[in-house]
Amino acid sequence: MGRKFAVAINPKWCKKCGICAAFCPRQVFTHKAGHVPEITAEEKCIGCNQCEQRCPDFAVTVRGKNDESDS
Amino acid sequence: MMLAEKYLRDAMMPHMWCPGCGHGIILQAVIRAIDKAGLEHDKTVIVSGIGCSSRASGYMNFDTLHTTHGRALPFASGIKMANPDLNVIVLTGDGDALAIGGNHFIHACRRNIDITTVIFNNSIYGMTSGQYSPMTPVGQFATTSPYGNIDRNFDVCELAKSAGATYVARSTAYHAPSMPDLIVKAINNKGFSVVEAVGQCPTYYGRRNKLGSPVDMLNWQKEHAVNVAAAAHLTPEQLADKLIIGELHNSSAPEFTEKYDQLVARLQGRE
């Protein structure tokens, strides 16, 4: 454990499909239909990056909090 | 996505694809692959045809060419012939590559010219509101098959392999985390490489076929994909409605631009 991640959504690019929230294994996001998902439990993020890699809009970014890597 | 700053044209974003469209997921995998393969911006050309997927070239911060319908591969072949040092990547759709451009596709495979082609397969012509393509499965609905499609669909990977492509792989938008590695191998193959990327068109294909939300369509890909190693242990009946994913073919054969250079050298008496 120990490693923490910062999750961000670019609201200008997000098209509100909710794919990030649906495939997150730790329920980091809360998504209401028709809205940009909210990041409501960032501390649970394990950095698996599935949200970022399945985002069709290049809108999700996950970063390690202590480094600059894109992972 | 941090790589977006490096590889996308910021002024063109957000892109025009519908919410939940698989094309953005596949394009991200292409970008990750280009980054992993370490391709130089000035040595890489992106070529596309016409259709939703072919809009991808316009978002990419490289030298790009958005060509005519079905003709991405002839333009790409010309670029590669003029300067074989360039990395040429073709982004095309199932209709663009296999209907309008079907003949160009099989002959590019046959020539084994060093081009990487990523086929964004969403099983439909999305841009023109949902006509069936040569990749629309039998029985599925489109605006032009209101009673169900009676044509059999191509297996583009088998087609590419039979026609002479030396690297062939398939992945899906759901499998985005593993897709870049297949594209990297396609890029590194010295010859014609084809990666079929199965994606989802929630707007025209999904809605007409009652496939649910983009999330449902991604879950369909998850449930119907079988890795090529696991598929070897299954019967044709068990594989009937499955997508075999992974590296499907990897061979070597003389590459076209090298053979052409050798021919020129021979005729000029340089060898």
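Proteins come first, then strands; the chains are lettered A, B, ... in the order of their sequence lines, and each starts at number 1. Atoms considered below: every heavy atom in the structure, side chains included; atoms not considered: hydrogens, waters and symmetry mates.
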To check you understand the geometry: which heavy-atom pair defines the closest contact between [X] and [Y], and what is its length?
X       : Y        : value
B:Cys21 : A:Pro56  : O-CB, 3.1 Å
A:Phe23 : B:Val215 : CZ-O, 4.0 Å
A:Ile19 : B:Pro214 : CD1-CB, 4.1 Å
B:Arg32 : A:Asn49  : NH2-ND2, 4.3 Å
A:Cys17 : B:Pro19  : CB-C, 4.2 Å
A:Lys12 : B:Pro14  : O-CG, 3.6 Å

Atom [atom1] of [X]: over 12 foreign heavy atoms under 6.0 Å:
X        : atom1 : result
B:Lys242 : NZ    : yes
A:Glu43  : CD    : yes
B:Phe141 : CZ    : yes
B:Asp42  : CG    : no

So, B:His15 side chain and A:Phe58 main chain: donor-acceptor pair closer than 3.5 Å or not?
no
Taking A:Arg54 for the side chain and B:Tyr174 for the main chain, is one N or O donor matched with an acceptor at less than 3.5 Å?
yes
I need the B:Met1 CE to A:Asn10 CG distance, nearest 0.5 Å.
13.0 Å
Under 4.5 Å heavy-atom distance to chain A, tell me which part of B:Leu27 shows up: side chain, backbone, both or neither.
both
Any idea which of A:Gln50, A:Lys16, A:Lys15 has the most non-hydrogen atom pairs under 4.5 angstrom with chain B?
A:Lys15
I'd like to verify something: which residue of A:Cys14, A:Ala59, A:Cys55 has the highest number of heavy-atom pairs under 4.5 Å with chain B?
A:Cys55
Taking the side chain as every heavy atom from C-beta outward, state whether A:Glu52 and B:Gln28 have any pair of such atoms under 4.5 Å apart.
yes
